[in-house]
Amino acid sequence: MSLNASDLVNKAIEFGFDKCGIISVGMMAEYEDRLEERMEHFPQTKEKYEAFKRFAHLQEAYPWAKAIVICSFWYGRYRIPDELQGCIAKYYLTDGRRNTESKGYQTSVAFERYLTDCGFRVATDREFGITALRWAAMKAGIGIIRKNNFFYTEKGSYQYLEAFLIDVPLQYIAETHVRPCAENCDRCRKACPTGSLEAPYMMCRNTCVSCLTTWDGWDLKSEPLQNRFGKWIYGCDSCQDACPYNRNAWKDEEEFPGLAEWGDSLSYSKIVLSDYGWLASVVQPKLWYIPSGKEWRYKTNALNAMLNHYEPDYLPVIKEARKDEYAEVRAMANWVLEEIQKRSIT
Ligand code: SF4
Ligand code: SF4
């Protein structure tokens, strides 16, 4: 089949992606310079960012790859239950990467199959991205990266990005009609609860609530920023929600599979008191950055939010958590009780 770049782009949109562009793998080279800038600004993050350099040199791992097809999927369409607003980042609530019933997952699988059926050699990484997705998407012209580091199209920043490597040198630079950030705007930086967004385009991943409630921050008792997490127990949307280009970006038009029921059954108290079978079967498959077997972490995160936004109803729940089967939860509950007394917030 003889296909040109716009055929592929149109097909991606037909399958359900919102926008699509195609760049050569060589167009990722400049990404390494941005990484170096970030590592220089935050030397404490060097070790974590070093591994990302491979994204600028895709030919080393995929010598056959010629182009990157990069697509955005708009998740601002979904209805978020009130109970979950401001506690769990919307991206994770509507995460289609592992949810086989979701439109995002099905769109991705269908498009990958289409590319393969067309005779392309294809590689992708549905979970973490095969390259630096925001950079690739910006190069492909489907949107811009704003000062809060998030990627925006005309519909705002609530987008998943997915990249597919192909072995044919196609190119399609899409059109974007998005104004850049105003020079004097710093609403996102002011909204950042931990100061992680230190300057335009400069976010320290070591102090970002999104990282500290998922990959890092395993002992919140000794985490100096724990009292700045506010209500967040998994991820953080503060710098996106504060942005004027996200005003009215969330549309609440569609149901994400199972999310309404999930929201009904979730509260800090429910998490802290729940049995580990429920956390493993209901919560972990959705909030999967916390690995299977470490479900106690949902409880310590919830206990932290209870301390940050204390209500007297929480007291018996926190006391009950001192009997939890995991030492990490018992220790966190004891510490939270001490802090409640110390901070005189009863
Ligand atoms: S996600 Fe939250 S903590 Fe991280 S930079 Fe944005 S506002 Fe700051
Ligand atoms: S809040 Fe202002 S500076 Fe930050 S990303 Fe939005 S427009 Fe840009």
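Order of appearance sets the numbers: ligands from 1, and atoms from 1 within every ligand.
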Open item on the list: Give the atom numbers and elements of ligand 2 that come within less than 4.0 Å of a heavy atom of Arg187.
Closed with: 1 (S)
Open item on the list: Which residue in the set Tyr75, Tyr78, Trp74 passes ring-ring contact (aromatic ring centres under 6.0 Å, His included) when paired with Trp250?
Closed with: Tyr75
- [ ] Please write down residue, atom name and distance for the protein heavy atom closest to atom 1 (S) of ligand 2.
- [x] Cys188 N, 3.4 Å
- [ ] Please identify which atoms of ligand 2 are closer than 4.0 Å to at least one heavy atom of Arg146.
- [x] 5 (S)
- [ ] For a side-chain contact (heavy atoms from CB on, under 4.5 Å) with Tyr114, tell me which candidate from Val109, Leu8, Val122 qualifies.
- [x] Leu8
Task: Salt-bridge criterion met for Asp252 and Arg77 (N-O under 4.0 Å) - done: no
- [ ] Starting from atom 6 (Fe) of ligand 2, locate the nearest protein heavy atom and write down its residue, its atom name and how far away it is, to 0.1 Å.
- [x] Cys243 SG, 2.4 Å
Task: Donor-acceptor under 3.5 Å (Asp237 side chain, Gln240 main chain) - done: no
Open item on the list: Below a 4.0 angstrom heavy-atom separation, can you tell me which part of Tyr245, side chain or backbone, both or neither, approaches ligand 2?
Closed with: side chain
- [ ] Could you tell me the residue and atom name of the protein heavy atom closest to atom 3 (S) of ligand 1, and the distance to it rounded to 0.1 Å?
- [x] Val209 N, 3.1 Å
Task: Atoms in ligand 2 with a heavy atom of Cys181 nearer than 4.0 Å - done: 3 (S), 5 (S), 7 (S), 8 (Fe)
Task: Shortest protein contact, atom 5 (S) of ligand 1 (heavy atom only) - done: Met203 CG, 3.7 Å
Open item on the list: Among all the protein's non-hydrogen atoms, which is closest to atom 4 (Fe) of ligand 1, and how far away is it?
Closed with: Cys208 SG, 2.3 Å
TODO: If you have a sec, work out which protein heavy atom is nearest atom 2 (Fe) of ligand 2 and how many Å separate them, to one decimal?
DONE: Cys185 SG, 2.2 Å
Open item on the list: If the threshold is 4.0 Å, N to carboxylate O, is there a salt bridge linking Glu325 and Arg330?
Closed with: no
Task: Proximity winner for atom 7 (S) of ligand 1, if only heavy atoms of Cys239, Ala242, Cys204 are counted - done: Cys239
- [ ] Return yes if some donor-acceptor pair links the side-chain N/O of Glu255 with the main-chain N/O of Pro257 below 3.5 Å, else return no.
- [x] no
Open item on the list: On the six-membered ring of Phe73, is Lys19 placed so that its NZ or CZ lies under 6.0 angstrom from the centre and within 45° of the ring axis?
Closed with: no
Open item on the list: Among all protein heavy atoms in this structure, tell me which lies nearest to atom 8 (Fe) of ligand 1, with the distance rounded to 0.1 Å.
Closed with: Cys192 SG, 2.4 Å
- [ ] Test ring-ring contact (aromatic ring centres under 6.0 Å, His included) on Phe120 and Phe164 and set out the steps.
- [x] CA-CA 10 Å; Phe120 293 107; Phe164 304 85; over 10 Å; no
Task: For Pro244, atoms of ligand 2 separated by under 4.0 Å from a heavy atom - done: 1 (S), 6 (Fe)
